[in-house]
Amino acid sequence: MITLKILFWILLSVIVYTYVGYGILLYGIIKIRRFFKMGEKLEIDPSYEPEVTLFIAAYNEKDYVAAKMKNTLELDYPKEKINIVWVTDGSDDGTPDVLKGYPNTTVYHLDERNGKIGAMNRGMDFVKTPIVIFSDANTNLGKESIRRIVNLFSNPKVGCVSGEKRIVDKESDVASGAGEGIYWKYESALKKWDAELYSVVGAAGELFAIRTALYRHVEKDTLLDDFIISLRVAQEGYTIQYDPEAYAIETASANVKEEFKRKVRISAGGIQSIVRLRSLLNVFKYGTLSFQYISHRVLRWSLTPLCLILLIPVLSILAINEGIFSFGLYSTLFWLQLLFYALALLGWFLENRETRIKILFVPYYFFIMNVCVVLGFFRYMKKSQSVNWERAQRAS
């Protein structure tokens, strides 16, 4: 029992640190640094206004072109300094034809479909501006997003800027939308603190930018292009900064089934990224960046889901040994664990039913996220995840 108790506290500590503890620790460090005026304030020049390229890799996005271009042409940045590039490899729905006639817009099309990263690698050879901003066809950007991103690049230490992904929030939401929205709000807070400490750990593919000179062609089978591209910029000694007011808006997945497919793909990409960025685990070489990377990303995609699985039998044995109805420490924690999974089951029951009690969806979304990590691991090991675009159904 002593060995099991030690194992239990190790498992619990890893889980709590990953999802709550790191955020608390990060916030505490930030508050201490602010109090003692430690660290350098990021100096930026608001007058910095270079040419930029808005880069959109798209596959069969004809239905989104009009809204995307309308949004792009209304952005608060000199029109003559925004070069709009669409790479439409494999599109056979007329997307390239619809794009003809828009100002400052260039379309690079190939009939062959080579996946998003193939399109990005090909399209980046044509980019000549000092800054390239990546965005998805089905997202709309905040009016000041480009200007706010560019401002951060006025500091030479900044190599990448991540915008914020915002999920359309409705009064009544399905489990996927409510859970995903709450998750991204927490992620936004962590990113702000990460950036203030040193660097954000990865960028959101819906909206991020890099210095064009820092782009390196990425392996063709890469699943998380945004993550790999941004972290490799950080590996070269630049920081990844974050501005929550530079944002991309998209609707949530239509249901948890669609969100499930997306998360499994992301999780498989997460495992792939850990393997490819394994040098970042060296805290002696990368210091603070390694600490942030391991705490914010690696644990979520590797050790913590395993800890959650092992915690179930370990805590059950300890509770039975203590007396399951004794309401001692372990039996109480056992019932709390049971309650959590019961709430996840309730979330499943309410999955596509309208409700205003969104907090009920959090356990379900948390559970689904970790199941996706496990499935993503096996998918990565089987090498069965395609790099080609798979359109997810979105809530209407």
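Residue numbers count from 1 along this sequence.
- For R300, the side-chain hydrogen bond (donor to acceptor under 3.5 Å, both in side chains) partners two or more places apart in sequence, or in a different chain, are Y183, E187.
- In the displayed structure, F377 atom CZ is contacted under 6.0 Å by at most 12 heavy atoms of other residues, nucleotides or ligands.
- Taking the six-membered ring for Trp and the full ring otherwise, F340 and F367 have centroids separated by 6.0 Å or more.
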Verdict with supporting geometry, I324 and F334, side-chain contact (heavy atoms from CB on, under 4.5 Å)
CA-CA 8 Å; I324 203 161; F334 168 81; 3.4 Å; yes
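- Scanning for side-chain hydrogen bond (donor to acceptor under 3.5 Å, both in side chains) contacts around N71 gives an empty result, with sequence neighbours left out.
- Taking CG from L338 and OG from S331, the interatomic distance works out to 12.5 Å, rounded to the nearest 0.5 Å.
- With Q292 contributing its side chain and S199 its backbone, the two residues share a donor-acceptor pair below 3.5 Å.
- Note that CD1 of I228 and CZ of R216 are 14.5 Å apart. Values are rounded to the nearest 0.5 Å.
- Contacts classified as salt bridge (Lys or Arg N to Asp or Glu O under 4.0 Å) and involving residues 188-202 (residues at least two apart or in different chains) are given here: R34-E196.
- Atom-to-atom distance recorded for Y238:OH and C160:SG is 12.5 Å, nearest 0.5 angstrom.
- Residues L289 and A234 come closest through the heavy atom pair CD2-CB, 3.8 Å.
- Residues forming a side-chain contact (heavy atoms from CB on, under 4.5 Å) with N282 (at least two apart in sequence, or on another chain): F284, K285.
- Side chain of E61 to main chain of A137: no donor-acceptor pair is present (N/O by atom type, distance under 3.5 Å, no hydrogens or angles).
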I294 vs V283, test: side-chain contact (heavy atoms from CB on, under 4.5 Å). Steps then yes/no.
CA-CA 9 Å; I294 293 169; V283 295; 4.3 Å; yes
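- Put simply, the side chain of R148 never gets that close to the backbone of S145: no donor and acceptor are under 3.5 Å apart.
- Taking CD1 of I84 as the reference point, atom CG of L73 lies at 5.0 Å (rounded to 0.5 Å).
- Shortest non-hydrogen contact noted between A67 and N140 is O-OD1, 3.8 Å.
- Salt-bridge annotation for D136 and K116: present, with a side-chain N of the basic residue lying under 4.0 Å from a carboxylate O of the acidic one.
- Every pair passing salt bridge (Lys or Arg N to Asp or Glu O under 4.0 Å) that includes a residue from residues 65-74 is listed here, sequence neighbours excluded: K70-E74.
- Taking 4.5 Å as the limit, some side-chain heavy atom of L197 sits within range of a side-chain heavy atom of R33.
- Looking at T129, its side chain does come within 3.5 Å of a backbone N or O of I131 through a donor-acceptor pair.
- Proximity of D45 to N151: side-chain heavy atoms (C-beta onward) are nowhere separated by under 4.5 Å.
- Annotation: side-chain hydrogen bond (donor to acceptor under 3.5 Å, both in side chains) contacts of Y17 (sequence neighbours excluded): S295.
- Across every non-hydrogen atom of F208 and A203, the tightest pair is CB-CB, 3.5 Å.
- Scanning for side-chain hydrogen bond (donor to acceptor under 3.5 Å, both in side chains) contacts around N321 gives an empty result, with sequence neighbours left out.
- In this view, F126 and Y108, R122 satisfy the side-chain contact (heavy atoms from CB on, under 4.5 Å) rule, not counting sequence neighbours.
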L141 and T72: CA distance, side-chain angles, deciding distance, side-chain contact (heavy atoms from CB on, under 4.5 Å) verdict:
CA-CA 7 Å; L141 308 185; T72 298; 5.9 Å; no
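- Partners of R147 by salt bridge (charged side-chain N to carboxylate O under 4.0 Å, His left out), not counting sequence neighbours, listed by chain and number: E49, D76.
- A side-chain hydrogen bond (donor to acceptor under 3.5 Å, both in side chains) with N60 is found for exactly one of T88, T95, D92, namely D92.
- Remark: K157 pairs with E40 by the salt bridge (charged side-chain N to carboxylate O under 4.0 Å, His left out) rule, at least two apart or across chains.
- Here the shortest heavy-atom pairing between N370 and P305 reads OD1-CG, 3.6 Å.
- When all heavy atoms are compared, the tightest approach of S188 to P244 is OG-CB, 4.3 Å.
- Salt-bridge formation is not detected for the pair E51/K81: no Lys NZ or Arg NE/NH1/NH2 atom is positioned less than 4.0 Å from an Asp or Glu carboxylate oxygen.
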Evaluate the criterion side-chain contact (heavy atoms from CB on, under 4.5 Å) for residue pair L54 and F134; output intermediate values, then yes/no.
CA-CA 6 Å; L54 182 64; F134 299 100; over 6 Å; no
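- Here the side chain of T18 pairs no donor or acceptor atom with the backbone of T304 at under 3.5 angstrom.
- Here the OH atom belonging to Y22 is positioned 10.5 Å from the CG atom belonging to L299, to the nearest 0.5 angstrom.
- Follow the hydrophobic side-chain contacts under 4.5 Å out from L231 and you reach I229 in the same cluster.
- Hydrophobic clustering keeps L214 apart from F153 (ILVMFWY residues linked when any side-chain heavy atoms are closer than 4.5 Å, directly or through intermediates).
- Residues satisfying the side-chain contact (heavy atoms from CB on, under 4.5 Å) test with N121, not counting sequence neighbours, are I117, Y215, H217, V218.
- Ring centers of Y102 and W86: at least 6.0 Å apart, outside the cut-off.
- The list of ring-ring contact (aromatic ring centres under 6.0 Å, His included) pairs with a residue in residues 24-53, not counting sequence neighbours, reads Y27-W193.
- Annotation: Y19 is in aromatic contact with F366 [ring centroid separation under 6.0 Å].
- Salt-bridge check for R262 with E250: failed, with every basic side-chain N at 4.0 Å or more from each acidic carboxylate O.
- A distance of 4.5 Å separates CE in M120 from CG in D225, rounded to the nearest 0.5 Å.
- Side-chain atoms of T139 do not come within 3.5 Å of backbone N or O of I249 as any donor-acceptor pair.
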